[in-house]
Novice: 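Let me give you the structure first, and then I'll get to my questions.
Numbered from 1 within each chain, the chains take letters A, B, ... in sequence-line order. Note that the structure is predicted; figures quoted are calculated from it, not measured.
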4 protein chains.
Amino acid sequence: MNPPARRTGRPRSAEADRAILDATRAALVELGWSKVSMGDVAARAGVAKTTLYRRWANKNELVVDAVAAVFDEGLELPDLGCLQADIEAVVLSFARLLALPETRTALMAVVAESTRDPALRDRIRTAIVDRQKRLVLVGRERAQERGELPREQDPETAARTADLIFDMIAGAVVHRVLVSAEPVDTEWARGFTALLLHGLAAGLTLAPSGARPPRND
Amino acid sequence: MNPPARRTGRPRSAEADRAILDATRAALVELGWSKVSMGDVAARAGVAKTTLYRRWANKNELVVDAVAAVFDEGLELPDLGCLQADIEAVVLSFARLLALPETRTALMAVVAESTRDPALRDRIRTAIVDRQKRLVLVGRERAQERGELPREQDPETAARTADLIFDMIAGAVVHRVLVSAEPVDTEWARGFTALLLHGLAAGLTLAPSGARPPRND
Amino acid sequence: MNPPARRTGRPRSAEADRAILDATRAALVELGWSKVSMGDVAARAGVAKTTLYRRWANKNELVVDAVAAVFDEGLELPDLGCLQADIEAVVLSFARLLALPETRTALMAVVAESTRDPALRDRIRTAIVDRQKRLVLVGRERAQERGELPREQDPETAARTADLIFDMIAGAVVHRVLVSAEPVDTEWARGFTALLLHGLAAGLTLAPSGARPPRND
Amino acid sequence: MNPPARRTGRPRSAEADRAILDATRAALVELGWSKVSMGDVAARAGVAKTTLYRRWANKNELVVDAVAAVFDEGLELPDLGCLQADIEAVVLSFARLLALPETRTALMAVVAESTRDPALRDRIRTAIVDRQKRLVLVGRERAQERGELPREQDPETAARTADLIFDMIAGAVVHRVLVSAEPVDTEWARGFTALLLHGLAAGLTLAPSGARPPRND
DNA sequence: AATTAATCGAGACGGTACGTCTTGTCTTGGA
DNA sequence: TCCAAGACAAGACGTACCGTCTCGATTAATT
């Protein structure tokens with residue numbers, strides 16, 4: 001992303017980077033968002049406050065990056081051989097992440113803050129949203145190879161659909177966990193995935209013909 | 001909160017209450033949650049900080065109360081004669097609500113705060129979530145009467161399904177607007193509704209061969 | 001000086017004022033000017049940093065006032081019955097003050113700072129210089145009553161003379177102690193006072209035979 | 001940048017030295033002692049901070065060196081044929097020096113610093129004080145040759161008197177300019193010189209009898 | 001009408017974190 | 001071998017806000 005720039009002077013310590021992000025996550029777990037202070041993070045990381053501010057403009061930006069790393073590590077898309085299983089797995093893996101108080105608190109705090117801070121919103125977008133969108137892209141590609149999904153010719157339509165699916169999956173999980181405040185368990189994940197795959201109207205399509213009820217949960 | 005007690009002495013000013021809540025909302029819109037300060041709200045309301053703290057224990061409580069009213073209006077479910085149109089309408093109506101900086105900021109602020117405060121989470125659930133869930137129930141009832149959706153016999157399953165649909169609709173819209181930070185317009189609402197009604201697999205089902213239903217497990 | 005102003009609100013704590021100035025002087029003695037920090041003073045005084053900054057704009061101003069109080073307490077003009085004894089006493093009392101490291105350091109630091117900061121210079125003038133000038137005025141009044149000095153009719157000339165004498169006494173002592181870095185002892189005080197009273201030319205006038213001194217105006 | 005030869009690591013020493021000292025003086029004038037920072041000086045001089053620290057141990061040492069040169073020029077004692085004129089001339093010449101912000105700031109900065117640093121005080125004594133003391137010696141010698149002043153037999157007493165006079169002249173001027181913050185003009189110089197020559201008591205001693213005494217202010 | 005007691009505005013209080021600055025040292029790569 | 005550039009640990013600076021605490025001045029309902 002920024003290979004130019006850095007030319008002269010002492011290079012920044014990669015070790016410090018790591019220590020700071022680790023310390024931030026640890027502090028987040030222990031204290032919760034609002035009680036994490038830059039000074040405390042610096043002390044935990046064995047680093048001067050200056051070193052934090054040289055890398056991140058403020059607490060929000062630091063926490064976004066710390067949270068982004070959690071998402072990078074916490075979310076995976078195992079190839080389970082069928083689209084439904086893949087989606088269920090990623091839903092559960094996302095839910096597991098949001099079940100941790102520090103992830104939950106930090107993510108929402110940062111999103112809330114971003115409603116008034118465009119720079120922060122951009123950082124969230126690039127550091128978290130865009131990176132996790134890859135899960136949708138990879139999942140779709142696999143499903144298309146398996147013949148479970150058709151290939152979209154128009155790349156723009158394909159991109160729009162991917163965005164839509166991402167918002168639907170992430171949005172439903174976040175809303176269930178944070179707003180409705182109900183757990184996301186295997187049963188919910190299965191119902192959600194079925195609905196996402198076959199739609200609300202599925203039951204109707206099949207029902208009239210015979211006895212089979214919709215597989216809607 | 002509690003009617004008793006008040007006997008002698010000067011009664012609290014109702015006007016002050018109103019001025020404070022108005023000032024809080026105004027400050028929230030202008031500054032965003034984290035930059036709203038009690039001192040600032042007091043100054044806007046032409047009131048002393050003491051007067052705020054005499055009524056609300058802290059910033060959170062004040063903001064929640066200030067925000068609560070906003071969500072009581074704003075969402076309606078017009079009967080447009082077909083399920084798809086009804087869903088699209090409610091999606092757009094919700095999006096319109098979230099497009100106001102006031103609502104957007106307030107909602108996220110309160111939700112973020114609630115990740116740390118179970119009492120606040122309950123308050124949100126009863127004051128906002130449960131009240132809006134009726135939209136799903138009403139919409140489903142209408143669709144069933146029109147024959148667009150089958151009637152679910154088991155009431156528990158029916159309730160679970162309603163919750164799921166609510167989380168999917170509200171979650172997708174919120175995520176689109178606040179996290180992905182993209183607008184919810186008619187086109188998006190249409191795409192979302194189609195996906196919700198017919199599912200991801202629909203393209204495959206309808207496009208290539210013809211009658212073949214999803215063979216999904 | 002400012003009887004108006006203060007009308008509403010909680011009045012400032014006189015106790016805090018005292019505690020802060022005491023703490024400042026104590027810190028000055030222990031640590032020396034450059035190592036005194038506002039936070040440290042606040043902690044010693046059992047007071048919040050805010051309380052310091054509500055009264056003094058910065059460290060310099062605080063130290064000026066702390067030093068001024070030392071001068072107020074440390075300098076007196078005992079009535080010893082004759083002008084020469086009075087002057088010698090005040091010279092020695094001033095020298096005793098400057099012998100303390102904290103007074104010396106603090107005074108010079110503040111004066112040095114004031115060469116670039118007009119506000120600070122004014123504060124020094126009103127808080128220290130003008131207040132100690134009273135010693136000259138009182139001493140002259142006494143000497144005039146005793147008949148040791150003539151009464152000046154023109155008040156402007158009288159004021160100018162007082163300023164001149166003040167600069168000569170204070171300047172000589174400060175220069176001796178701080179620049180020449182030699183002690184001011186009884187012997188020096190006696191020599192200085194004699195010179196101040198009778199002038200350089202005195203030796204000539206009284207001593208040798210009678211070579212007429214210069215007719216210098 | 002520089003024509004001189006570069007073999008293996010011989011510093012551009014001379015040029016860098018000069019640039020640093022110039023930058024230090026400039027910064028001192030512009031910002032005042034306490035706001036001069038090593039980083040700023042380095043930047044002005046187009047030099048790395050390392051280079052400063054390779055030559056001077058700290059800020060004090062650097063500033064003292066930067067300032068030292070200023071006092072080597074600037075003070076002279078023209079032979080005007082009479083003691084009073086000589087004194088007035090040197091007073092005005094000293095005042096002229098202190099009127100320059102550069103000199104004023106630098107002198108006080110260094111003196112202030114010296115209150116905490118005995119080594120620095122010695123350095124000031126030899127580099128500035130002792131060198132200027134010669135003015136007193138020369139002036140006295142001339143006055144004695146003219147018969148304006150008696151010759152002191154005891155060399156020790158003579159030395160002590162010279163020190164006293166030096167402290168009185170330099171001290172009064174410095175105090176007037178820096179502490180009282182009033183200008184030293186011809187009028188003040190005349191009044192000061194008269195007082196120094198004839199003493200406070202002069203008015204009284206001579207006046208009653210009748211012969212016109214000097215109007216000493 | 002006088003008394004009473006909780007209200008009001010204003011603003012100082014102890015704390016705590018912020019984000020900036022400077023100091024003096026260390027670490028690069030380039031000449 | 002030295003230089004410029006700039007990162008580093010340490011720690012003070014002055015500001016902002018929180019939630020509490022005086023103040024003197026209203027202001028109703030109860031005497």
Side-chain angles (χ1 to χ4, degrees), chain A residues 6-13 15-16 34-43 45-59, chain B residues 5-13 15-16 34-40 42-43 45-59, chain C residues 6-13 15-16 34-43 45-59, chain D residues 1-2 6-13 16 34-43 45-54 56-59:
Chain A
R6 299 283 142 253
R7 282 234 130 281
T8 66
R10 176 173 172 178
R12 293 197 178 159
S13 157
E15 196 177 350
S34 69
K35 293 211 182 65
V36 169
S37 78
M38 295 299 259
D40 186 54
V41 168
V47 140
K49 262 202 309 172
T50 328
T51 302
L52 270 70
Y53 282 104
R54 206 172 283 120
R55 291 161 162 77
W56 293 275
N58 52 50
K59 191 170 139 179
Chain B
R6 296 287 144 255
R7 281 237 142 268
T8 65
R10 178 175 174 175
R12 290 195 181 157
S13 156
E15 195 178 349
S34 74
K35 293 207 183 64
V36 169
S37 77
M38 294 300 259
D40 188 53
V47 138
K49 269 201 306 173
T50 327
T51 305
L52 270 68
Y53 282 105
R54 213 172 277 122
R55 291 161 162 77
W56 293 274
N58 53 49
K59 193 169 139 178
Chain C
R6 298 285 141 254
R7 283 233 130 282
T8 68
R10 177 172 171 178
R12 292 199 178 157
S13 158
E15 196 178 348
S34 68
K35 292 210 182 66
V36 169
S37 77
M38 294 298 260
D40 188 54
V41 168
V47 140
K49 261 203 308 174
T50 327
T51 303
L52 270 70
Y53 283 104
R54 207 172 281 121
R55 291 161 162 77
W56 292 275
N58 51 51
K59 191 169 140 180
Chain D
M1 207 162 191
N2 41 354
R6 193 153 299 265
R7 282 270 164 194
T8 33
R10 190 51 209 160
R12 64 172 52 180
S13 191
S34 71
K35 294 205 183 65
V36 169
S37 77
M38 295 299 260
D40 188 54
V41 169
V47 138
K49 272 200 307 172
T50 328
T51 305
L52 269 69
Y53 282 105
R54 211 172 280 123
W56 292 274
N58 52 48
K59 191 169 140 178

Novice: Using whole Å, what does the distance between atom P of nucleotide E:dT7 and atom CZ of B:R55 come to?
Specialist: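 Rounded to the whole Å, the gap is 8 Å.
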
Novice: Across nucleotides 10-17 of chain F, 5' to 3', mark each nucleotide with B, S or - according to how protein heavy atoms within less than 4.0 Å reach it.
Specialist: BBSSBBBS

Novice: Take the protein atom CD of C:E15 and the nucleotide atom C1' of E:dA12, then report the distance between them rounded to whole Å.
Specialist: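 That distance rounds to 14 Å.
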
Novice: Can you tell me how far OG of C:S37 sits from NZ of C:K49, rounded to the nearest 0.5 angstrom?
Specialist: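 Rounded to the nearest 0.5 Å, the NZ-OG separation comes to 8.0 Å.
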
Novice: Nearest 0.5 Å, please: how far is CH2 in C:W56 from CE in C:M38?
Specialist: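 Here the rounded value is 8.5 Å.
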
Novice: Return the value, rounded to whole Å, for the distance between atom CG of B:L52 and atom P of F:dC21.
Specialist: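 Between P of F:dC21 and CG of B:L52: 17 Å.
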
Novice: Out of F:dC23, F:dC8, E:dG9, which has the shortest distance to the side chain of C:P11?
Specialist: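 Selected nucleotide (nearest to the side chain): F:dC23.
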
Novice: Looking at every heavy atom in both B:A16 and B:S13, which two are closest together, and how far apart are they?
Specialist: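 Heavy atoms of B:A16 and B:S13 come nearest at N-OG, 2.9 Å.
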
Novice: Think A:T8 has a side-chain N or O under 4.0 angstrom from the OP1 or OP2 of E:dT28?
Specialist: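 False: A:T8 side-chain N/O out of range (4.0 Å or more) of E:dT28 OP1/OP2.
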
Novice: Might you point out which heavy atoms bring B:A42 and B:A48 nearest each other, and give the distance in Å?
Specialist: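 Heavy atoms only, the tightest pair is CB-C, 4.0 Å.
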
Novice: Using the test side-chain hydrogen bond (donor to acceptor under 3.5 Å, both in side chains), find all partners of B:R55 that sit at least two apart in sequence or belong to another chain.
Specialist: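 B:R55: side-chain hydrogen bond (donor to acceptor under 3.5 Å, both in side chains) contacts with B:D17.
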
Novice: Whole Å only: how far is the CZ atom of B:R10 from the P atom of F:dT27?
Specialist: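 Rounding to the nearest Å, CZ of B:R10 and P of F:dT27 are 6 Å apart.
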
